[in-house]
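One structure is given below, encoded as structure tokens.
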Amino acid sequence: MIRLRDVSLTHADGFVALRGLTLAAQPGEQIAIVGPSGAGKTSLLRLLGAAMRPTTGQLDVLDADPWSLSTADLRRLRARIGVAHQAPPLPARQRVVTAVLAGRLGRWPWWKSVASLAYPLDIAGAAAALAQLDLGERIFDRCDRLSGGQLQRVGVARVLYQQAQLLLADEPVSALDPALAQQTVRVLTADAAARGATLVASLHAVDLALACFPRVVGIRDGRIAFDRPAAKVDRALLRRLYASEGGQLPGLAEVPPAASAQRLLRPAVGGEAARADSCWR
Amino acid sequence: MFRFSRRLALKGALVCALAISVVPSATAAEPVLRVSAIPDEAPTELQRKFAPLGKYLEKELAMKVSFVPVSDYAAVVEALASDKLDLAWLGGFTFVQASIRTRGAATPLVQRAEDARFTSKFITADDNIKTLADTRGKVFAFGSPSSTSGHLMPRYFLIQGGINADKDFKNVAFSGAHDATVAFVAAGKADAGVLNASVWEKLVDQNKVDPKVRVIATTPPYFDYNWTVRGGLDPELVRKIAAAFLKLDPANPEHAEILALQRASRFIPTSKENYQGIEQAAKAAGLLK
Amino acid sequence: MKAPRDPAALARVGGLLLATVVLWPLAVIGEFRPWVLFEAQNLRVMGGFLGGFLPPASGGEFLAYLGQATIETLAMASAGIALAFVVAVPLAVATTQALSISRLGPGPGRRRGELLRAGLRILLVVLRGIPELVWALLFVRVLGLGPAAGVLALGLTYGGMLAKVYAEILESGDQRPARALLEAGGSRLQALCYGLLPGVAQELTSYTVYRWECAVRASVVMGFVGAGGLGQLMDQSMKMLNGGEAASILLTFLALVLAADALSAFFRRQLGEAGTAGHAAALGPLPLAILASLGGAVLASFAWLDLGLGALLSRAAAASIADFFASFWPLDLSAGWLWKVGQGALETLAISVLGTLLATVCALLLALPASGRHGALLEQATRFVLNALRSVPELVWATLMALAAGLGPFAGILALALHTSGVLGRLFAEALQNAPATPRDALLEAGTPAGVAFLYGSLPTVTPQLLAYALYRWEMNIRMAAILGFVGAGGLGQLLYVELSLFHQAQASTVIAAMLLLSVAVDAASASLRRRLG
């Protein structure tokens, strides 16, 4: 399913993001990735999403080496991978329904994609995905009318709608309050389990990772610090992982500001992000 | 501070520039006879045609003659009316316009013998067009809207033949000049067209006509071109100009060259009355109100 | 659960119906029939003419004409802009709200001041609303012969445009210093120099230089109505269907417009840097040298053209000009003529709308490679195509298209579409380059085909900007569409050309009035559409 052997990644500016990483996942497995900022979580997910090419090492995603495929095959492979972003890359003026339906563009024939711009071709599908995230009533709103938290959940809805075989999530709930964050992650894990899809999610909140995922991988300085079942992760292990951040364990109570999720959009008024700030400080 | 003064200086320079440009034109030099012609052919062709005639006139009149090229028929009329030209080669219709515009001051002096019985040729390159009636629903090219032989008289004779140019053609094009009309028709830009017989014969003689292009009809004869002087010109000079033209003799080889370029056998006197027919035709065709 | 219906569907269907209802008749009026381009006869005509392009004419005599016409064109543009500047400065100072003394208080004479300003603003609308080529056509009649008509025409239309924009720039800056000076009893000129100019001088200069670049393009076509320069040469070559000469002239156009572009960009960059270097004077030596050379160029232009504008100042000439313009009054408002002008106006509207629409679509298609999405090579190649498209004036495109599509409004539509594609393509490419890339990249990383990723990821973000550009262009194109008829591309232009040739001044002035009304109406429509985009 997924197999990384001795994979390294050096960015164009010379920064070494990953160093000799080895990791494997079976179909249907659910893995949380934790680690301090700059540890390489996002880089790892981008490698798995076939968005970046490893500098050295062997990479297999969905049983294929993406970088040995033809352009067309690579495109088909990518269509089977769904990514939920921390800052969902949605055009401000697009409507929520279109943004969600865009999840299946990789599989739709081009004429269907074009026709769907004129009239959304699968309103029911988009509505179902949004309903799971309590956003059903916002389906025909424009994205720039949504708060950062709502936007993150639209991004998750898009991945749900995509029905990918490999689900990747990069801090998908960072702008949500704890209850909503947990509910949203549960929706993701349940969806992956129901379809037997593999789920790899990087999470800032360690408690959420431990609570929702059977397997947790800790990353520091581009290397795997630990890789074990959630039950076997103890506080000492985590303290060592977060040593660079003073050993403080980030949890749901310290949700990072949602600014990043809103960067693309006009500032929204009165969203969950704002509430989270006021309630949890 | 400095910035403002520089800007003011710049403005000052502009004002000076305007002032300077104005000065030289105010100073008049030796007397010059300013001659022009309606641009019924390419301007370069007009200048080529005029060069020997200009030299001849300079000699006969003992004054400098300058040819002013113009690209617009109506501009010649306006220039004559505002005394910017002294002598101009006009078409019949442009003469009528000039006469009206100058309230009768413009006077026709001479015309070519051929101009008293002038005709226009209808041409086409389309095999399916055999008679004038076949041009209905086609793209038709006139010369300039102000042209007598390229627009007015053909339009008038078309009306008499039952064809209304405004309604019966698919599209009407104004090529601007007689030789351009031939180019339009030869290239198929227009399906049929009309031009004056004199230019047509010249182009045929010079082998400049595409063999596909052929004549389908010829108009009845009418008065056309003349040389006209503006009102208020010295009568003595006017008399000398007319005399110079009338003196041109085909037997004289030097004169023969001038006459050949003008496509004239000789020049004859003419008068306003000759153009009343044109004026009536223009009114009938709706070109003169 | 039953899926909800898209609430926007009804509005979209309505919009589509409305567009069809509006566009369909326009397409019929504009004789929009793309397939005629592929009719055997038109292909043959165009092929024959293009075949004549090679080799471009390079005879010594012709090149001498060409060189002289090029200099004449440049001189016409420079002299025209100088005249426009002289016209614009007093009008701008008089009309701008920023320098209103009577508004203080409000003081005495407020009503009169406002009336005067309103009157002058209407004058500006008239100056701008009548296309420069129509002015040129009129001035050719009055002044006859040569570039003086072109210079005056440029001076008036561009004077109107400059005055409007100058006034707007003056109003956009910080108005407090000027207000303080006025309140302290300063004169309008003092308030301008000490209160307003320091803030906006650079923007004013930059806009003026940009307008000069436009004037070069405009003066290229002045010759089509007999005002000298390259246009006159082009008109003759096109009428005689002399492909070799046309090719040489087109190449000269291209070089001239590109050079003017580059020069204007260079000047504006230099002026943009001016004043930041901390010289004792407000301008550094280089910008100063530039301004000096501009001044020199203007002087040289007037000298070269030998306009004889002085003759205009004589009483007899003034009387004859007044006489000429008086002959345009009263307008012919008989029902029959109004009907004909109405038809021409509809045709002109159709040409402008369809031409702009077609250009918007083509520009979008060209902007994709030009924004560098498909590699640097394709980017450079498309950019060259865009530059070539926009450096050929609409009027020249119209003469070419009259060959390719036959005479009539469709040639006008194509001509507008070709030129405007070049202009819009460049603007669109810039907009695309500046648009955020992440939404599109995310879609690409989810296996979306590139074209679809563009439609879902980039287009929604840039659409309002692209439409605003297209609407601005429509305002220009309505003026252009009005004159394409001069070369046989339908609309009001052909009507005007024929009526003026026949000295039917009353009828001609109805046509000019229709042009003015049409351009004012389109300005208003475009402004209201742009507001809705926001």
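In what follows, chains are A, B, ... by sequence order, proteins preceding strands, each numbered from 1. None of the values given here were measured: they were computed from a predicted structure.
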message = Quick one: does any side-chain atom of C:Thr463 pair with a main-chain N or O of C:Leu459 as donor and acceptor, under 3.5 Å?
response =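 Such a contact is found between C:Thr463 side chain and C:Leu459 backbone.
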In terms of heavy-atom proximity below 4.5 Å to chain C, should [X] be classed as side chain, backbone, both, or neither?
X	answer
A:Ala118	backbone
A:Arg104	neither
A:Ala50	neither
A:Arg76	neither

inquiry  = Salt bridge or not between A:Arg3 and A:Asp65? Use side-chain N to carboxylate O under 4.0 Å.
reply    = no
inquiry  = Given heavy-atom pairs under 4.5 angstrom as the criterion, report whether the side chain, backbone, both or neither of C:Leu444 touches chain A.
reply    = backbone
inquiry  = Is C:Ala453 close to chain A through its backbone or its side chain, or both, or neither, when contacts mean heavy atoms under 4.5 Å?
reply    = neither
key: Pick from C:Leu455, C:Val452, C:Thr461 with the largest number of heavy-atom pairs that fall under 4.5 Å of chain A   = C:Val452
query = What class does the angle between the rings of A:Phe15 and A:His11 fall in, given that below 30° is parallel, 30 to 60° is tilted and above 60° is perpendicular?
reply = parallel
query = Does the ring of C:Tyr472 carry C:Arg530 above it, NZ/CZ under 6.0 angstrom from centre and within 45° of its axis?
reply = yes
message = Please rank A:Arg95, A:Arg46, A:Arg107 by heavy-atom pairs under 4.5 Å with chain C and give me the top one.
response =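 Of the candidates given, the most pairs with chain C belong to A:Arg95.
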